[in-house]
Amino acid sequence: MTLHTNLLDGSQKALMASYLESLALLERLHRLLLDVIKDEFERLGVLEINSVQALLLFNIGENEVTAGELKSRGYYQGSNVSYNLKKLVELDYMHHQRSEIDRRSVRVKLTAKGRNIRLMLTELFERHTEGFEKRGIIGAAGMEDINQSLKRMERYWTDQIRYIY
């Protein structure tokens, strides 16, 4: 892919460079988060599920959802969501039940074992937020600024997909 940065003025080139850096950071941060979760689970002796599956459990929380809802709510983007849900059911981290209305649809929710994994991640994330503040890395206001910016980017990208300019 050729970047046509010669068409951009100075401020647009700076924005483009920052945008590309942000995209790379988002990718790296997600992969790093998965590694942090994997490391925590190894430390705790949780070896039968992977970090993607653990995040899936965390994001489902107390909800009862279908695979389609997981994707539409933005909780899970992987193409193998059905595989991971099936695996989590087999390992007793989730219950599944066919919908009474649409027999093709399966609703899932966490078991006690799944809620325990969610608690482990909650505790890990609580330690992270304490560490952020203690070390002066970022506070609540800074995190909110980041979240607002990311939400604006999300809306922009969503509009691009829907061809709304």
*Is any NZ, NE, NH1 or NH2 atom of the basic residue among R127 and E123 found under 4.0 Å from an Asp or Glu carboxylate oxygen of the other?*
no
*Does the side chain of L124 reach to within under 4.5 Å of the side chain of V36, using non-hydrogen atoms?*
yes
_For a 4.5 angstrom cut-off between non-hydrogen side-chain atoms, does E69 reach N63?_
no
*Using a distance-only test with no angle check, is there a side-chain donor-acceptor pair under 3.5 angstrom linking R155 and T158?*
no
*May I ask you to say whether E40 pairs ionically with R43, meaning some side-chain N is under 4.0 Å from a carboxylate O?*
yes
*Ignoring hydrogens and angles, state whether a donor on the side chain of Y93 or Q53 is under 3.5 Å from an acceptor on the partner side chain.*
no
*Is the shortest distance from a Lys or Arg side-chain nitrogen in E62 or K109 to a carboxylate oxygen in the other one below 4.0 Å?*
no
_Would you say that more than 12 heavy atoms from the other residues, nucleotides or ligands in this model lie under 6.0 Å from the CD of E42, or not?_
yes
*Can you get from L91 to V52 by hopping between Ile, Leu, Val, Met, Phe, Trp and Tyr side chains that sit under 4.5 Å apart?*
yes
*What heavy-atom pair brings M120 and L44 nearest, and what distance separates the two atoms?*
SD-CD1, 3.9 Å
*In Å, rounded to the nearest 0.5 Å, how long is the span from NZ of K13 to OG of S18?*
14.5 Å
_What's the separation between atom CG in L150 and atom CD in Q148, rounded to the nearest 0.5 Å?_
9.5 Å
*Answer whether the closest heavy-atom distance between the side chains of L85 and H96 falls below 4.5 Å.*
no
*Look at K113 together with E48 and state whether they make a salt bridge at an N to O cut-off of under 4.0 Å.*
yes
*Could you pull out the closest heavy-atom pair between A54 and L121, with the gap in Å?*
O-CD1, 3.3 Å
*Taking R107 for the side chain and E64 for the main chain, is one N or O donor matched with an acceptor at less than 3.5 Å?*
yes
*Linking I/L/V/M/F/W/Y whenever their side-chain heavy atoms sit closer than 4.5 Å, directly or via other members, would L29 and F125 fall into one cluster?*
no
*Taking the side chain as every heavy atom from C-beta outward, state whether R28 and L25 have any atom pair closer than 4.5 Å.*
yes
*Of all heavy-atom pairs between M94 and T111, which one has the smallest distance, and what is that distance?*
C-CG2, 3.5 Å
*Side-chain contact, heavy-atom cut-off 4.5 Å: I49 with F41?*
yes
*Just wondering, more than 12 heavy atoms not from Q97 lying within 6.0 Å of its CD?*
no
*Look at the side-chain heavy atoms of Ile, Leu, Val, Met, Phe, Trp and Tyr, link any pair under 4.5 Å apart, and say whether L8 and L15 land in one connected group.*
no
*Is the closest side-chain heavy-atom distance between L26 and H30 below 4.5 Å?*
no
_Within this structure, what is the CG-CD1 distance for the pair L88 and I117, rounded to the nearest 0.5 Å?_
9.5 Å
*Among the clusters formed by ILVMFWY side chains lying less than 4.5 Å apart, do W157 and M16 turn up in the same one?*
yes
*asked:* Would a single hydrophobic cluster contain both I37 and L119, if residues Ile, Leu, Val, Met, Phe, Trp and Tyr are joined by side-chain heavy-atom contacts under 4.5 Å?
replied: no
_Backbone N/O of L55 and side chain of N59: donor-acceptor pair under 3.5 Å_ = yes
_Reported CD1-to-CE distance for the pair I137 and M143, which is rounded to 0.5 angstrom_ = 9.5 Å
_I need the minimum non-hydrogen distance between S51 and K38, along with the two atoms involved._
CB-N, 4.0 Å
_Donor-acceptor under 3.5 Å (E133 side chain, E130 main chain)_ = no
_Spatial distance of atom CG (L56) from atom NZ (K87) [nearest 0.5 Å]_ = 14.0 Å
